[in-house]
Amino acid sequence: MMGKRFTGMSKVPKEPVAKLLSMANTRLETPITAPVAALAEDVLAELDEKGALIDILRLLSIILPPRERVWWACMAARDYIGPKSDNDPKSLIAAEDWVFKPTEENRARARDAMDDAYIDDDTVNVALAVLYADGTLGPADLAEYPAPAGAAETSAFAMNVVALDKNSDRFEEYGQLLIDRAVDIARGGNGKMENRDKMKEATQ
């Protein structure tokens, strides 16, 4: 019995993973035996059984809705940036603001923050996830043009991989936290895992 780790994700589309991957113009590295029509819960369970951490993160970035996806990526950035301070990167501030108030104005702020970012500022990934959130190139006139397929999803995935790399001393433990956090968000939670152990007990 594989447990219920990936059950109850009410915010995830009830569409085959194969279709969602195709729409995001990406694929999994791990060979999957689940049928083509398999939904996220079954594919994630199989990936989990195979220890395919990176592919799980890749798939989670695709199945989360736009706001939830950006929030998940912001939380990963916060893991190494630290609590809110006056030194926060503008990209991260703008992305967090957009999550709580997803206006065109905040989306434009995310775009501007990317322009001002230092070359080594990986939090531009969260701003990119905001910019392409609705599948277009951005607010105002840019909304007439489609974003590259999977651009928002890839940006959120990249942010989590960056955070994973910065926590490489506890790679497996931290990777599992990123997964549990995304699942909590997909269930309608806030992703804050203070009660993670209790949740694990409840879903075994």
Side-chain angles (χ1 to χ4, degrees), residues 9-13 15 19-26 40 57-167 178 181-193:
M9 296 189 295
S10 57
K11 298 202 169 192
V12 168
E15 294 188 75
K19 178 183 176 184
L20 299 173
L21 287 168
S22 175
M23 287 168 60
N25 195 30
T26 192
L57 295 176
R58 189 189 308 273
L59 183 51
L60 288 167
S61 73
I62 290 165
I63 64 176
L64 285 172
R67 280 175 75 187
E68 286 80 357
R69 179 191 301 131
V70 172
W71 180 238
W72 179 52
C74 286
M75 292 185 81
R78 276 279 166 219
D79 286 341
Y80 71 88
I81 295 292
K84 287 192 176 187
S85 77
D86 293 339
N87 298 318
D88 284 347
K90 288 182 181 177
S91 291
L92 180 54
I93 297 169
E96 288 175 336
D97 287 348
W98 179 84
V99 169
F100 292 102
K101 194 176 180 183
T103 61
E104 289 297 275
E105 182 186 359
N106 280 338
R107 199 166 161 214
R109 280 180 54 222
R111 183 192 59 201
D112 294 342
M114 286 163 50
D115 294 338
D116 295 338
Y118 292 110
I119 196 161
D120 61 348
D121 180 6
D122 292 311
T123 69
V124 294
N125 284 301
V126 290
L128 272 170
V130 169
L131 191 62
Y132 299 143
D134 70 348
T136 70
L137 281 181
D141 294 346
L142 292 172
E144 295 174 30
Y145 304 98
E153 294 87 340
T154 299
S155 300
F157 169 64
M159 189 73 264
N160 275 272
V161 171
V162 166
L164 188 59
D165 182 59
K166 291 181 183 290
N167 285 274
L178 294 176
R181 185 183 276 167
V183 172
D184 183 61
I185 292 170
R187 288 174 174 155
N190 62 10
K192 294 181 179 175
M193 304 307 295

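Because only heavy atoms are used, hydrogens play no part in the values below, and waters and symmetry mates are left out as well, while side chains stay in.
- Not less than 6.0 angstrom separates the ring centroid of Phe157 from the ring centroid of Trp72.
- Between Ser10 and Arg187, the closest heavy-atom pair is OG-O, 3.9 Å.
- For the residue pair Gly191 and Asp184, the shortest heavy atom distance occurs at N-OD2, 2.8 Å.
- The neighbour count for Tyr80 OH, taken as heavy atoms of other residues, nucleotides or ligands under 6.0 Å away, is above 12.
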Which atom pairs, donor and acceptor, lie under 3.5 Å between side-chain atoms of residues 122-133 and protein residues at least two apart or in another chain?
{"from": "Thr123", "atom 1": "OG1", "to": "Asp121", "atom 2": "OD1", "distance (Å)": "2.6"}
{"from": "Thr123", "atom 1": "OG1", "to": "Asp121", "atom 2": "OD2", "distance (Å)": "3.2"}
{"from": "Asn125", "atom 1": "ND2", "to": "Asp122", "atom 2": "O", "distance (Å)": "2.9"}

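- Using a distance-only test at 3.5 Å, with no hydrogens or angles considered, a donor-acceptor pair links the side chain of Trp71 to the main chain of Asn190.
- Between Leu59 and Leu20 there is no side-chain heavy-atom pair separated by less than 4.5 Å.
- To the nearest 0.5 Å, atom OG of residue Ser91 and atom CD of residue Glu96 are 11.0 Å apart.
- Applying the salt bridge (charged side-chain N to carboxylate O under 4.0 Å, His left out) test to Asp134 and every residue at least two apart in sequence or in another chain returns Arg107.
- Side-chain atoms of Leu60 and Asn160, non-hydrogen and from C-beta on, never get closer than 4.5 Å to each other.
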**Request:** Just do the side-chain contact (heavy atoms from CB on, under 4.5 Å) check on Lys90 and Met114 with the steps written out, would you?
**Result:** CA-CA 8 Å; Lys90 288 182 181 177; Met114 286 163 50; over 6 Å; no
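- With salt bridges taken as basic N to acidic carboxylate O contacts below 4.0 Å, none links Arg109 and Asp116.
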**side-chain contact (heavy atoms from CB on, under 4.5 Å) evaluation trace for Thr26 with Thr154** = CA-CA 9 Å; Thr26 192; Thr154 299; 5.8 Å; no
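- The line from CZ of Arg67 to CD1 of Ile185 is 12.0 Å long, rounded to the nearest 0.5 Å.
- Between the CD1 atom of Ile81 and the CG atom of Asn87 there is a distance of 10.0 Å, given to the nearest 0.5 Å.
- Comment: Glu153 does not engage Arg58 in a salt bridge, judged by the lack of any side-chain N to carboxylate O separation of less than 4.0 angstrom.
- A distance of 11.5 Å separates CE in Met75 from CG in Leu92, rounded to the nearest 0.5 Å.
- Put simply, CZ on Arg69 and OG on Ser61 are 7.0 Å apart, with the number rounded to the nearest 0.5 Å.
- With sequence neighbours excluded, the residues that form a salt bridge (charged side-chain N to carboxylate O under 4.0 Å, His left out) with Lys11 are Glu68.
- Looking at Asp88, its side chain does come within 3.5 Å of a backbone N or O of Ser85 through a donor-acceptor pair.
- Within the model, atoms SG of Cys74 and CZ of Phe100 stand 8.5 Å from one another, a figure rounded to the nearest 0.5 Å.
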**Request:** Could you check Arg181 against Lys192 for side-chain contact (heavy atoms from CB on, under 4.5 Å), going step by step and ending with a plain yes or no?
**Result:** CA-CA 7 Å; Arg181 185 183 276 167; Lys192 294 181 179 175; over 6 Å; no
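- Between the Asn106 side chain and the Lys101 main chain, a donor and an acceptor come within less than 3.5 Å of each other.
- In this structure, the side chains of Arg111 and Pro139 come closer than 4.5 Å at one or more pairs of heavy atoms.
- By the 4.5 Å heavy-atom criterion applied to side chains, Leu137 and Pro146 are not counted as neighbours.
- Within 6.0 Å of the CG atom in Asp141, the count of heavy atoms belonging to other residues, nucleotides or ligands does not exceed 12.
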**Request:** Check the pair Thr136, Leu142 against side-chain contact (heavy atoms from CB on, under 4.5 Å), reporting the backbone distance first and the verdict last.
**Result:** CA-CA 7 Å; Thr136 70; Leu142 292 172; 6.0 Å; no
